Amino acid sequence: QVQLAESGGGLVQAGGSLRLSCAASGRTFSSFALGWFRKSPGKERRVVAAISASGGSPLYADSVKGRFTISRDNAKNTVSLQMNNVKPEDTAVYYCAARNVGSATTRLALYGYWGRGTQVTVSS
């Protein structure tokens with residue numbers, strides 16, 4: 001069993017930066033692939049970034065490539081999302097997710113554990 005809790009959301013101006021963190025409980029955290037997803041009003045929840053258990057080969061949505069960076073610290077049981085040069089269209093509730101497999105995937109349905117989300121609002 002893994003429990004996830006996001007933090008770091010808030011209000012930021014366009015062009016600014018924000019760092020989201022997700023703290024996980026559970027002894028097997030280091031064997032889980034992790035992901036960040038987001039949901040905007042009127043849209044489906046979509047992948048932002050994903051990272052494997054080892055931390056290699058991160059995956060990104062095209063809309064955030066070059067601006068966002070996913071990273072994990074298995075010693076601290078945390079995964080982070082560094083958001084740079086944010087845009088108003090990045091406004092959403094951001095969710096941390098984990099799957100009981102080591103390989104990263106962008107497929108939402110393959111993640112079995114979810115946090116409650118943190119709101120990110122980007123003003124223009």
Side-chain angles (χ1 to χ4, degrees):
Q1 187 76 8
V2 175
Q3 293 184 330
L4 305 169
E6 304 93 340
S7 62
L11 176 64
V12 60
Q13 288 188 333
S17 297
L18 202 62
R19 186 176 181 86
L20 305 183
S21 294
C22 176
S25 63
R27 295 179 299 172
T28 57
F29 175 84
S30 61
S31 66
F32 282 47
L34 303 167
W36 284 98
F37 292 76
R38 67 186 181 188
K39 186 181 186 310
S40 305
K43 294 185 178 180
E44 296 181 348
R45 192 177 301 192
R46 296 181 177 180
V47 67
V48 176
I51 191 167
S52 66
S54 66
S57 304
L59 305 173
Y60 295 96
D62 288 343
S63 59
V64 306
K65 281 181 180 177
R67 300 188 298 122
F68 292 9
T69 302
I70 188 172
S71 61
R72 66 187 294 164
D73 186 336
N74 286 342
K76 296 182 179 180
N77 279 12
T78 59
V79 58
S80 299
L81 184 70
Q82 178 66 41
M83 306 166 61
N84 296 331
N85 190 24
V86 295
K87 303 175 181 180
E89 51 264 42
D90 294 323
T91 295
V93 177
Y94 283 72
Y95 299 88
C96 175
R99 64 188 296 246
N100 190 12
V101 176
S103 57
T105 180
T106 59
R107 294 178 60 187
L108 181 150
L110 297 182
Y111 288 83
Y113 303 96
W114 293 85
R116 292 188 173 186
T118 185
Q119 175 71 47
V120 172
T121 303
V122 182
S123 62
S124 56

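Computed over heavy atoms, backbone and side chain alike; hydrogens, waters and symmetry mates excluded. On a predicted model such as this, the values are computed, not experimentally measured, just so you know. Count residues from 1 along the sequence.
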Quick check: closest heavy atoms across [X] and [Y], and the distance to 0.1 Å?
| X | Y | answer |
| --- | --- | --- |
| Asn74 | Ala53 | ND2-O, 3.2 Å |
| Ser124 | Pro88 | CB-CG, 3.9 Å |
| Asn84 | Ser17 | OD1-OG, 3.0 Å |
| Ala104 | Ser52 | CB-N, 3.6 Å |
| Leu4 | Ala98 | CD1-N, 3.8 Å |
| Gly9 | Leu20 | N-CD2, 3.6 Å |

[X], [atom1] atom: more than 12 neighbouring heavy atoms under 6.0 Å:
| X | atom1 | result |
| --- | --- | --- |
| Gln13 | CD | no |
| Lys39 | NZ | yes |
| Arg46 | CZ | no |
| Glu89 | CD | yes |

When you compare the side chain of [Y] with that of [X], does any pair of heavy atoms fall below 4.5 Å?
| X | Y | answer |
| --- | --- | --- |
| Ser63 | Arg38 | yes |
| Glu6 | Trp36 | yes |
| Arg67 | Asp90 | yes |
| Thr78 | Phe29 | no |
| Ser71 | Gln82 | no |
| Cys22 | Leu34 | no |
| Val48 | Tyr95 | no |
| Ser21 | Ser80 | yes |

For the residue pair Phe68 and Tyr94, does the interplanar ring angle fall in the parallel (under 30°), tilted (30 to 60°) or perpendicular (over 60°) class?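 Rings of Phe68 and Tyr94: tilted, 30 to 60°.
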Lys/Arg cation over aromatic Phe32: Arg72, 6.0 Å, 45° cone: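 No; the conditions do not both hold, so Arg72 does not lie above the ring face of Phe32.
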Should the pair Lys65-Asp62 be classified as a salt bridge under the 4.0 Å nitrogen-to-oxygen rule?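 Between Asp62 and Lys65 there is a salt bridge, with a charged N closer than 4.0 Å to a carboxylate O.
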Can you hop from [X] to [Y] via hydrophobic side chains spaced under 4.5 Å?
| X | Y | result |
| --- | --- | --- |
| Val12 | Val64 | yes |
| Leu18 | Val93 | no |
| Val120 | Phe37 | no |

Out of Thr69, Ile51, Thr106, which one pairs with Tyr60 under the side chain to side chain contact (heavy atoms under 4.5 Å, CB included) rule?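 When Thr69, Ile51, Thr106 are each tested with Tyr60, the side chain to side chain contact (heavy atoms under 4.5 Å, CB included) holds only for Thr69.
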Residue pair Arg99 / Tyr111, side-chain donor-acceptor N/O under 3.5 Å: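 No donor-acceptor contact under 3.5 Å links the two side chains.
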Working to the nearest 0.5 angstrom, can you tell me the gap between [X] [atom1] and [Y] [atom2]?
| X | Y | atom1 | atom2 | value |
| --- | --- | --- | --- | --- |
| Thr91 | Gln119 | OG1 | CD | 7.5 Å |
| Thr105 | Leu59 | OG1 | CG | 7.5 Å |
| Ser31 | Asn100 | OG | CG | 6.0 Å |

